[in-house]
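Chain naming here is simple, since letters A, B, ... match the order of the sequence lines and numbering starts at 1 in each.
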2 protein chains.
Amino acid sequence: MATEYRDPIESKDKQPRTARGLKTKRKLLDAAALEFGEKGFHEASITGITQRAGTALGSFYTYFDSKDELFSALVKDMSMRVKSHAAGAMTEWQDAFQREKQALEAFMNFAREHKEIYRIIDESEFVDPQSYRLHYEETAKRIFERLQEGSAAGDFRDGLEEAHAWAIMGMNVFLGMRYGIWSEEKSAVDIADLANGILADGIAAKKGQG
Amino acid sequence: MATEYRDPIESKDKQPRTARGLKTKRKLLDAAALEFGEKGFHEASITGITQRAGTALGSFYTYFDSKDELFSALVKDMSMRVKSHAAGAMTEWQDAFQREKQALEAFMNFAREHKEIYRIIDESEFVDPQSYRLHYEETAKRIFERLQEGSAAGDFRDGLEEAHAWAIMGMNVFLGMRYGIWSEEKSAVDIADLANGILADGIAAKKGQG
DNA sequence: TTGAAACATGAACCAACATTCAACTTAGAA
DNA sequence: TTCTAAGTTGAATGTTGGTTCATGTTTCAA
């Protein structure tokens with residue numbers, strides 16, 4: 001038989017059509033987040049995921065095409081969760097500096113409570129580079145918008161570029177890794193204050209010091 | 001037969017003993033850096049490495065115990081190379097700010113010329129977490145020492161902590177990734193200037209602006 | 001009630017390497 | 001020149017784990 005016709009929509013369509021299916025898919029997704037978070041992509045196994053989820057091995061392929069596809073879906077989901085958590089923490093703000101401080105503090109607390117999310121996003125650099133780039137590009141864009149608003153409000157100086165957003169993001173990510181994931185020896189507030197100090201004044205000696 | 005005695009030194013010893021052996025090991029190391037850099041740890045194969053090196057598959061195990069062991073050795077080697085490259089770029093300096101600028105500029109240029117090194121170090125977070133932590137902890141320590149020297153010289157303010165070093169390192173790493181590896185739309189000097197601007201003055205509006 | 005679509009199950013399949021090994025070649029000290 | 005340790009070779013082995021599939025069960029609209 002020649003190559004048979006496949007509806008591109010149908011072929012992608014592994015969405016559950018009943019309440020039962022939805023529940024199973026949810027269980028698999030949650031289990032996968034744990035498994036990937038604990039073991040990393042390559043050490044994680046489909047068997048491990050279905051065991052955690054309490055389903056049969058084969059059920060996995062009812063909802064996902066492959067291990068990679070699942071991981072990719074997960075990265076997008078986590079990316080969104082980080083984003084909305086941060087957004088939720090910055091609803092009200094007086095000045096732009098305080099808003100950045102809140103953003104970092106929220107990020108650090110989120111990282112602590114969801115270490116597996118941090119790991120999945122980070123590992124996507126190698127498993128699903130596209131999603132990785134997208135995640136950070138969008139995050140940088142969001143920071144950049146805040147920078148522009150801050151400039152307009154007179155809190156930040158003029159002429160800030162997207163690269164400034166990348167610098168701030170890098171600061172936040174590394175502080176989150178070191179003081180959020182690796183150890184909790186310092187409080188999120190203290191770290192956020194410290195980072196804010198850099199943004200506010202830099203690290204130069206004050207006039208008359210030294 | 002019971003477990004036989006193995007001299008711990010001998011068992012580790014896969015060092016070449018002739019010029020020929022040394023040359024082969026060198027070829028394997030270089031080939032491995034390329035293979036891991038291009039494909040990542042899991043996609044890379046021993047076969048691919050030995051093919052690049054132009055040796056037989058079995059020769060690999062004359063010099064390395066396993067794929068993991070080789071990767072680990074490579075990470076340590078790369079880490080050292082980054083370190084010494086940066087050190088070489090900071091020999092002479094007037095003020096501490098300029099030194100930091102040179103460090104970032106050197107790092108960015110190095111990343112551009114050796115994208116595979118960047119990738120290998122980054123992937124070690126998942127393949128050899130120990131080496132990954134060690135790399136960044138030592139880098140942070142070195143930055144922190146520079147901060148202290150800068151304070152003593154009257155360029156930087158007092159009271160800088162190790163966390164400041166982590167913040168600066170995060171900035172540098174992300175700027176290196178975005179403007180060194182992903183695209184070269186901006187020159188290393190421009191990015192280094194921009195980062196230095198943050199360290200010097202922060203991003204607050206100047207008095208009388210806005 | 002009923003029948004077809006959706007869903008669940010887990011044994012079996014299979015390809016992809018990492019690793020081993022026994023036979024062979026080369027180097028270089030004596 | 002000779003002999004042994006060092007180095008080379010690549011076919012064979014073994015294991016792991018993603019994916020498939022035939023069979024059985026549940027759901028729910030008509």
Side-chain angles (χ1 to χ4, degrees), chain A residues 1 4 6-7 9-32 35-36 38-74 123 126-128, chain B residues 1 4 6-7 9-29 31-32 35-36 38-74 126-128:
Chain A
M1 186 197 285
E4 67 191 279
R6 320 195 87 222
D7 182 338
I9 291 169
E10 185 192 311
S11 70
K12 256 185 207 171
D13 207 347
K14 295 224 167 184
Q15 295 312 311
R17 291 166 201 287
T18 68
R20 179 168 61 141
L22 198 70
K23 201 172 151 194
T24 302
K25 185 173 182 181
R26 182 77 262 150
K27 283 194 293 180
L28 284 168
L29 239 13
D30 292 342
E35 176 88 357
F36 283 134
E38 265 180 34
K39 304 195 175 178
F41 182 79
H42 294 281
E43 294 298 309
S45 68
I46 310 293
T47 306
I49 293 170
T50 52
Q51 268 170 5
R52 277 176 206 258
T55 73
L57 175 56
S59 291
F60 179 89
Y61 292 92
T62 305
Y63 301 107
F64 305 99
D65 282 327
S66 67
K67 191 184 178 185
D68 289 76
E69 198 238 34
L70 164 65
F71 189 85
S72 191
L74 225 40
E123 194 167 14
F126 305 99
V127 179
D128 181 8
Chain B
M1 186 198 287
E4 67 190 278
R6 318 194 88 222
D7 182 339
I9 291 169
E10 185 192 313
S11 72
K12 256 186 204 168
D13 208 347
K14 294 224 170 186
Q15 295 312 311
R17 292 167 200 284
T18 68
R20 180 167 61 141
L22 199 70
K23 202 172 152 193
T24 302
K25 185 173 182 181
R26 182 76 262 150
K27 283 195 294 181
L28 285 168
L29 240 13
E35 175 89 356
F36 284 134
E38 264 178 36
K39 304 195 173 175
F41 182 80
H42 294 282
E43 295 297 309
S45 68
I46 310 293
T47 306
I49 292 170
T50 53
Q51 270 170 4
R52 279 177 205 257
T55 74
L57 175 55
S59 291
F60 179 88
Y61 292 92
T62 303
Y63 301 107
F64 304 100
D65 283 328
S66 67
K67 191 184 178 184
D68 289 75
E69 197 238 35
L70 164 65
F71 189 84
S72 192
L74 226 39
F126 305 100
V127 178
D128 180 10

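- Residues A/F64 and A/L29 form a side-chain contact, since some pair of their non-hydrogen atoms from C-beta on lies under 4.5 Å apart.
- D/dG17 atom P lies 10 Å from atom CD of A/E35, rounded to whole Å.
- Rounded to an integer number of Å, the gap from A/K67 NZ to D/dT16 P is 14 Å.
- A/F64 comes within 4.0 angstrom of no nucleic acid atom, judged by non-hydrogen atoms across all strands.
- Annotation: side chain of B/T62 is not in contact with side chain of B/T24 (no heavy-atom distance under 4.5 Å).
- A/E69 places its CD atom 15 Å from the P atom of D/dG18, with the value rounded to the nearest Å.
- Ring geometry for A/F36 against A/F71 counts as perpendicular: the plane angle is over 60°, on a 0 to 90° scale with 30° as the lower cut.
- Using a 4.5 Å heavy-atom cutoff, the side chains of A/E38 and A/E43 are not in contact.
- Here the range on DNA chain C touched by chain B, meaning any atom under 4.0 Å from one of its heavy atoms, is C/dA18 to C/dA27.
- Across the protein-nucleic acid pair, A/D65 atom CG and D/dC21 atom P stand 14 Å apart, rounded to whole Å.
- Residue contacts shown for A/G58 include a base, since a base heavy atom lies under 4.0 Å away.
- By the ring-ring contact (aromatic ring centres under 6.0 Å, His included) test, B/Y63 is found to be paired with no residue, residues two or more places apart in sequence or in another chain being considered.
- Near DNA chain D, meaning a heavy atom under 4.0 Å away, the residues from residues 41-49 of chain A are A/A44, A/S45, A/I46.
- Residue A/L22 holds its CG atom at 12.5 Å from CZ of A/R20, rounded to the nearest 0.5 Å.
- For A/K14 and D/dT19, the NZ to C1' distance is 10 Å, given to the nearest whole Å.
- D/dG7 atom P lies 12 Å from atom CG of B/L28, rounded to whole Å.
- Closest heavy-atom contact between A/S45 and A/E35: N-OE2, 3.1 Å.
- In plain terms, the two heavy atoms of A/F60 and A/T50 that are nearest each other are CB-CG2, 3.9 Å.
- For B/T18 and D/dA6, the shortest distance from a side-chain N or O to OP1 or OP2 is not below 4.0 Å.
- When rounded to the nearest whole Å, the span between NZ of B/K23 and C1' of D/dG7 equals 14 Å.
- For the residue pair A/S59 and A/L28, the shortest heavy atom distance occurs at O-CD1, 4.1 Å.
- Distance B/R20 CZ to D/dA5 C1': 11 Å, rounded to the nearest Å.
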